[in-house]
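Nothing here was measured: the structure is a model prediction, and the numbers come from that model. Here is how names work: the chains are called A, B, and so on, in the same order as the sequence lines, proteins then strands, and each is numbered from 1.
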Amino acid sequence: MSEIRYNAPEKEKYWQKIWADKKLFNAPNDFTKPKYYVLEMFPYPSGNLHMGHVRNYTMGDVIARYKRAKGFNVLHPMGWDAFGMPAENAAQQHNVHPGEWTYQNIAKMRTQLQSMGFSLDWEREFATCDVEYYGKQQALFLEFLAAGLVDRKKSRVNWDPVDNTVLANEQVIDGKGWRSGALVEQRDLTQWFFKITDYAEELISALNDMDGWPDKVKLMQANWIGRSEGMELNFKLDNVAESVPDIAVEHESLKVYTTRPDTLFGASFMAISAGHPLAIAVAQTNAKASAFITECNKIGTTEEAIETAEKKGFDTGLTAVNPLDQNHKLPVYIANFVLMGYGTGAVFGCPAHDQRDLDFARKYKLSVTAVIAPEGMDLEDFNANSQQAYTDDGLHMNSGFMNGMNKTEAIEAVAQKLETQLLDGQPQGVRKVNYRLRDWGISRQRYWGCPIPVVHCDACGTVPVNKADLPVKLPDDVTFDKPGNPLDHHPTWKQVACPVCGKEATRETDTFDTFVDSSWYYARFADSHADKAVNRQAADYWLGVDQYIGGVEHAILHLLYSRFFNRAMQKCGYTGLSEPITNLFTQGMITHETYKDKNGQWLNPEMVLFGTEGEDRIAKHFETGENVAIGSVEKMSKSKKNVVDPTDFVTNFGADTARWFTISDSPPERDFLWTDAGVDGSYRFTQRIWRLVAENADGNILDLENIPENLGAQAASLRIMTHKSIKNVSQAIENLHFNVAIAQLYQLTNAISSFAAKADKKDAVAKFVLFEALTRLVQLFGPIMPHLAEECWQKLGFDNLAAEQAWPDFDEALTIDDTVSIAVQINGKKRDILTISKDATKDEIEAAAFKLDGVLRNIKDKTIVKKIIVPGRIVNIVVK
RNA sequence: GCGGAUGUGGUGGAACUGGUAGACACGCAAGACUUAAAAUCUUGUUUCCGUAUGGAAGUGGGGGUUCGAUUCCCCCCAUCCGCACCA
């Protein structure tokens with residue numbers, strides 16, 4: 001009898017060292033082999049590995065190990081998304097340099113990752129805050145700049161007037177600065193942009209060919225880009241001079257964008273954004289307008305804040321002339337719900353057919369005129385009282401030449417009319433495709449990011465840094481004792497000679513948005529130490545990413561930016577592909593119950609003891625014994641204290657249990673509920689496998705090609721189970737249905753256990769099928785619990801590594817059953833089950849079905865109306 | 001507010017293209033082993049009625065299509081993700 005307990009923490013270290021010494025997981029840049037690139041979204045180095053990371057990286061690792069066994073040259077790298085605000089916050093709070101804090105965190109997390117046994121190529125590791133990385137990023141930026149992909153323009157930021165600093169959206173809480181508590185204002189700053197809108201059409205149309213992406217992600221991106229077909233219409237303003245005496249000539253007309261020019265006869269007002277030039281012009285001579293704009297600017301910069309704010313408007317006193325009816329004058333409002341960044345920053349309001357316009361019209365007592373109505377609608381009542389806009393199609397009325405037309409016809413008719421109608425010598429309407437997508441603002445007024453490599457010179461303007469002078473390094477000697485950007489406060493850093501004229505000039509002190517860092521790291525991994533940003537030859541081999549795995553929260557921004565950035569790199573010759581990610585998978589979060597003590601304070605799960613009181617589960621405080629409230633299940637987070645630390649876990653249970661458990665029960669795309677009971681179950685299973693192998697392996701290796709004859713029923717059925725398992729587990733892993741693979745592995749284990757309990761272990765046939773089943777079992781769970789697999793592999797008698805074995809094949813004939821069970825229904829209700837040969841004909845099935853007790857009992861005195869017989873699937877007899 | 005998703009026993013979930021709902025696991029219950037506990041093994045476990053053969057209900061709620069719906073369509077509810085300076 002061998003040792004019964006498997007000491008996972010000890011054995012895992014042993015096998016990790018063997019793998020590392022053999023450099024088993026380093027991917028050679030051998031471009032002749034078939035490749036497979038599996039990548040998980042790299043982590044922000046917060047200093048603590050989270051169970052969410054463990055689950056994410058386990059999924060990737062299962063695929064990596066599986067594909068390696070399938071004969072692919074597998075690239076499975078790891079790096080660090082290392083720039084960003086948390087490091088600066090730590091610097092302020094704990095007086096530690098962001099770089100030091102970050103690299104310490106990386107060291108800690110690297111150790112944690114390594115303890116999980118992930119098959120990563122650590123020689124390719126880098127952090128985005130390495131000068132070697134961000135210097136290359138600066139070179140890319142300069143190329144993009146030269147290629148016309150970069151823009152510089154004004155944009156809104158949250159401004160904290162007390163701290164004199166720009167705030168991120170998450171730093172604005174209820175309209176106030178998170179540290180100062182001051183009321184946040186909006187300010188316009190001149191900032192750098194990537195011209196992602198130049199690619200709007202391509203980014204949306206390319207989605208059609210991206211079969212390896214989830215539909216929901218493609219849909220979200222398509223909606224985000226928001227292509228719409230409409231018209232730009234020019235409205236004459238007819239009383240500008242009286243209302244706004246000093247107004248400039250360019251404001252004598254107002255341009256709006258609309259997708260519904262057909263509703264123009266139902267228009268009742270114009271609305272312009274608070275940031276619209278006309279609004280600003282009006283505000284110069286109108287104090288009330290100015291006050292209203294100030295009020296609007298207190299709403300945050302997020303679309304959410306703008307759209308949920310109460311809709312308000314200010315009547316400028318100006319009127320616009322309806323292009324289709326010179327006598328129809330529309331009041332011009334400044335409105336807080338019109339976005340300056342979309343269309344022209346101005347709209348016409350047609351309350352009858354747009355809900356927001358209707359709400360606005362009712363609030364300011366503006367007229368409502370329906371121009372489309374379903375039959376039988378009480379028009380007078382609708383126009384006077386309805387709170388519900390009519391947005392469906394229908395025949396137009398009160399619309400002159402459009403009367404009787406449906407929406408499509410009317411839009412075409414009005415478009416043709418306005419295209420030929422002139423205002424000040426220009427067509428009054430122009431068809432226009434519009435996108436919701438805005439250019440990507442990349443300037444951040446922060447220290448811990450990649451410096452934007454440009455110089456501002458009084459004489460030469462804004463000029464790029466010379467390539468030879470890259471990288472522009474971040475200075476180390478910075479202080480965080482005052483708010484604002486330390487680069488701006490630095491005594492000498494920004495003083496530099498102009499790259500063009502050589503005179504004194506200043507560096508750009510803004511740094512890149514960290515999304516820039518994560519938009520090309522996948523390409524850097526192809527050759528992490530290349531002189532250029534991307535080694536084209538290596539990138540051509542490794543890209544696109546064959547399987548990218550990460551959270552859905554990145555479905556839009558990170559993934560859309562990466563798609564754009566890759567196209568920009570393609571334009572500059574760095575890559576050959578436009579789409580960097582071939583297959584995408586978005587996994588769910590890890591959740592856990594939450595606990596609160598009697599004072600409402602969150603409690604760590606370790607502080608809670610559980611019991612039952614009648615039917616109910618109850619919880620008590622570990623130390624005080626007081627009752628603890630069991631709260632809702634929430635995403636694991638420090639603030640709610642419902643976290644489980646992977647390091648503690650690995651010390652107690654081992655990495656294999658964590659790996660197994662985090663992908664076992666829930667489908668990977670769904671949230672995963674962490675429970676101690678589930679952990680115990682997984683841990684017991686590792687022990688059970690170990691016992692099963694230890695008790696049934698004698699160290700003799702059998703030739704699995706040499707199959708004995710006359711197996712007998714028991715042995716044959718175990719073989720069937722073994723081969724079905726190979727088939728199903730392979731398929732499940734290919735489809736990323738890890739939970740299904742695990743269910744199959746449980747079944748195989750159960751089958752082996754019950755066979756082993758009954759079998760005569762001296763019998764050659766029994767020996768063979770047992771050995772085959774155990775060998776395959778170990779190989780099949782190997783990608784999930786690689787350490788235990790090595791241990792079992794050794795126990796089975798092999799002197800090589802499980803991690804190096806080819807994936808097993810299966811015998812197709814063994815995976816097809818001879819008989820099938822077909823449910824037999826009477827009126828759609830199951831009444832019996834028919835077991836019959838899989839090749840049985842319709843007639844044979846019918847004959848057999850009518851002999852079944854359950855059928856006879858239920859059709860006794862009834863008339864048969866219909867018989868539905870689908871061989872292999874169902875029999876349904878309809879009776880009356 | 002807008003966009004995207006999810007909802008099945010006490011719990012996590014399975015179910016191929018519309019065809020046996022609840023695989024597998026957890027938990028629980030009973031039993032075996034043990035001085036005892038743990039571990040392990042065996043059996044049972046959707047709910048309700050019935051001793052049982054059996055029957056009825058049942059996949060968030062309400063409608064619909066169909067011989068047949070967890071699966072397709074419409075409406076509603078709840079929860080989660082994103083909303084451009086969190087990563």
Side-chain angles (χ1 to χ4, degrees), chain A residues 4-5 41 43-44 46 81 83-86 155 157-158 166-172 214-217 219-220 222-224 226 301-309 311 337 341 355-356 437-446 513-515 518 551-558 560-561 586 588-589 591 612 615 617 632-635 664-667 669-673 675 677-682 684-685 687-688 691 737 739-740 742-747 750 753 757 821-825 827-830 832-834 853-854 857 865-868 870 872-878:
Chain A
I4 291 301
R5 301 294 286 187
M41 290 180 185
Y44 179 80
S46 64
D81 189 13
F83 275 136
M85 292 204 309
S155 128
V157 294
N158 298 305
V166 176
L167 297 177
N169 284 333
E170 70 156 9
Q171 296 172 324
V172 180
D215 289 339
K216 62 172 176 182
V217 174
L219 194 56
M220 280 191 259
N223 289 336
W224 182 261
T301 51
T302 71
E303 200 164 292
E304 184 187 4
I306 292 164
E307 293 211 13
T308 50
K311 308 288 179 284
F337 58 85
Q355 190 59 45
R356 197 171 54 186
L437 182 69
R438 308 202 292 262
D439 274 335
W440 173 11
I442 49 173
S443 293
R444 298 291 181 270
Q445 295 69 39
R446 302 189 212 295
D513 175 11
T514 55
F515 274 126
S518 55
V552 238
E553 65 271 22
H554 295 293
I556 295 172
L557 293 181
H558 162 59
L560 191 62
Y561 289 153
T586 54
M589 299 176 304
T591 60
T612 45
E615 299 266 293
R617 207 166 135 256
S632 56
V633 169
E634 307 253 11
K635 176 180 178 174
S664 61
D665 275 351
S666 293
E669 69 277 10
R670 246 191 265 172
D671 287 352
F672 177 79
L673 178 62
T675 60
V679 169
D680 292 342
S682 296
R684 277 204 301 271
F685 184 68
Q687 297 296 343
R688 193 175 150 213
R691 245 185 353 261
H737 294 161
N739 55 324
V740 180
I742 281 175
Q744 182 68 45
L745 288 168
Y746 274 119
Q747 291 190 49
N750 291 344
S753 294
S821 308
I822 301 173
V824 181
Q825 302 176 335
N827 286 349
K829 290 195 171 158
K830 185 179 76 177
D832 214 326
I833 291 171
L834 177 65
D853 287 344
R857 187 170 53 229
V865 179
K866 200 170 177 185
K867 289 177 274 193
I868 292 137
V870 185
R873 293 211 187 281
I874 200 84
V875 175
N876 189 8
I877 300 158
V878 185

Q: Please check: side-chain N/O of A:Asp832 versus main-chain N/O of A:Val824, any donor-acceptor pairing under 3.5 Å?
A: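 Between the backbone of A:Val824 and the side chain of A:Asp832 there is no qualifying donor-acceptor contact (under 3.5 Å).
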Q: Assuming nearest nucleotide by heavy-atom distance, tell me which of A:Glu170 and A:Ile742 is located more 5' along RNA chain B.
A: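 The residue whose closest nucleotide sits nearer the 5' end is A:Ile742.
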Q: Kindly write out the residues that satisfy side-chain contact (heavy atoms from CB on, under 4.5 Å) with A:His558, not counting sequence neighbours, or none if the list is empty.
A: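 In terms of side-chain contact (heavy atoms from CB on, under 4.5 Å), with neighbours along the sequence ignored, A:His558 is linked to A:Met41, A:Phe515, A:Ser518, A:Tyr521, A:Tyr548, A:His554, A:Ser562.
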Q: Using the C1' atom in both, what is the distance from B:U8 to B:A21, to the nearest Å?
A: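 Result for the C1' pair: 8 Å, nearest Å.
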Q: Tell me every residue that passes ring pair (Phe, Tyr, Trp, His ring centres under 6.0 Å) with A:His737, counting only those two or more places apart in sequence or in another chain.
A: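 With neighbours one apart ignored, the set is empty.
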Q: Contact class for A:Asn750 (heavy atom, under 4.0 Å): base, sugar-phosphate, or nothing?
A: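 Here A:Asn750 touches the backbone only, sparing every base.
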Q: Work out how far the P atom of B:C49 is from that of B:G10, and round it to whole angstrom.
A: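 B:C49 and B:G10 have their P atoms separated by 15 Å.
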Q: Please give the distance between the C1' atoms of B:U65 and B:U71 as a whole number of Å.
A: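 Straight-line distance between the two C1' atoms is 14 Å.
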Q: Base, sugar-phosphate alone, or nothing: which one does A:Ile306 contact when heavy atoms must sit under 4.0 Å apart?
A: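 No contact at all - A:Ile306 keeps every heavy atom at 4.0 Å or more from the nucleic acid.
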Q: First and last nucleotide of RNA chain B touching chain A, 5' to 3', heavy-atom cut-off 4.0 Å?
A: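 Contact span on the strand: B:G1 to B:A87.
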Q: Given the C1' atoms of B:A5 and B:G18, what is the spacing between them in whole Å?
A: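 Those two atoms are separated by 23 Å.
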Q: Which residues pass the salt bridge (charged side-chain N to carboxylate O under 4.0 Å, His left out) test with A:Asp665, sequence neighbours left out?
A: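 A:Asp665 satisfies salt bridge (charged side-chain N to carboxylate O under 4.0 Å, His left out) with no residue once adjacent residues are dropped.
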Q: Both distances below 3.5 Å, Watson-Crick or wobble geometry, any strand: find the nucleotide opposite B:C72.
A: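 The base-pairing partner of B:C72, which may sit in any strand shown, is B:G64.
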Q: Pick the C1' atom in B:U45 and in B:U11, then give their distance to the nearest Å.
A: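 These two C1' atoms come out 13 Å apart once rounded.
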Q: Which residues pass the side-chain contact (heavy atoms from CB on, under 4.5 Å) test with A:Arg684, not counting sequence neighbours?
A: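 For A:Arg684, the residues satisfying side-chain contact (heavy atoms from CB on, under 4.5 Å) (neighbours in sequence not counted) are A:Asp680.
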Q: Say you pick atom C1' in B:U51 and the same atom in B:A37; how far apart are they, in whole Å?
A: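 The same atom, C1', in both gives a distance of 38 Å.
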Q: Categorize A:His558 for me: base, sugar-phosphate, or nothing, with a 4.0 angstrom heavy-atom threshold over every strand shown.
A: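 Nothing, no nucleic acid heavy atom in range.
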Q: Work out how far the C1' atom of B:U20 is from that of B:A29, and round it to whole angstrom.
A: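 Between the two C1' atoms, the distance is 28 Å.
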Q: Classify A:Ile833 by what it touches in the nucleic acid, base, sugar-phosphate, or nothing, heavy-atom distance under 4.0 Å.
A: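 The answer is base, as A:Ile833 lies within the cut-off (heavy atoms under 4.0 Å) of a base atom.
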Q: Residues in side-chain contact (heavy atoms from CB on, under 4.5 Å) with A:Ala677, at least two apart?
A: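 In terms of side-chain contact (heavy atoms from CB on, under 4.5 Å), with neighbours along the sequence ignored, A:Ala677 is linked to A:Thr675.
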Q: Nearest heavy atom decides the nucleotide; on that basis, is A:Asp439 or A:Thr514 closer to the 5' end of RNA chain B?
A: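 On the 5' side of the pair lies A:Asp439.
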Q: What integer number of Å spans the C1' atoms of B:G55 and B:A36?
A: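 These two C1' atoms come out 47 Å apart once rounded.
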Q: Please give the nucleotide sitting opposite B:U46 as a Watson-Crick or G-U wobble pair, both distances under 3.5 Å, or none.
A: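 Looking at the geometry, B:U46 pairs with B:A57.
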Q: Would you say the side-chain atoms of A:Asn169 and A:Thr301 include a donor-acceptor pair closer than 3.5 Å?
A: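 Yes, because at least one side-chain N or O of A:Asn169 sits under 3.5 Å from a partner of the opposite role on A:Thr301.
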Q: Is B:G9 in the syn range, within 90° of 0, or in the anti range?
A: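 Judged by the O4'-C1' to base torsion, B:G9 sits in syn, the angle falling within 90° of 0.
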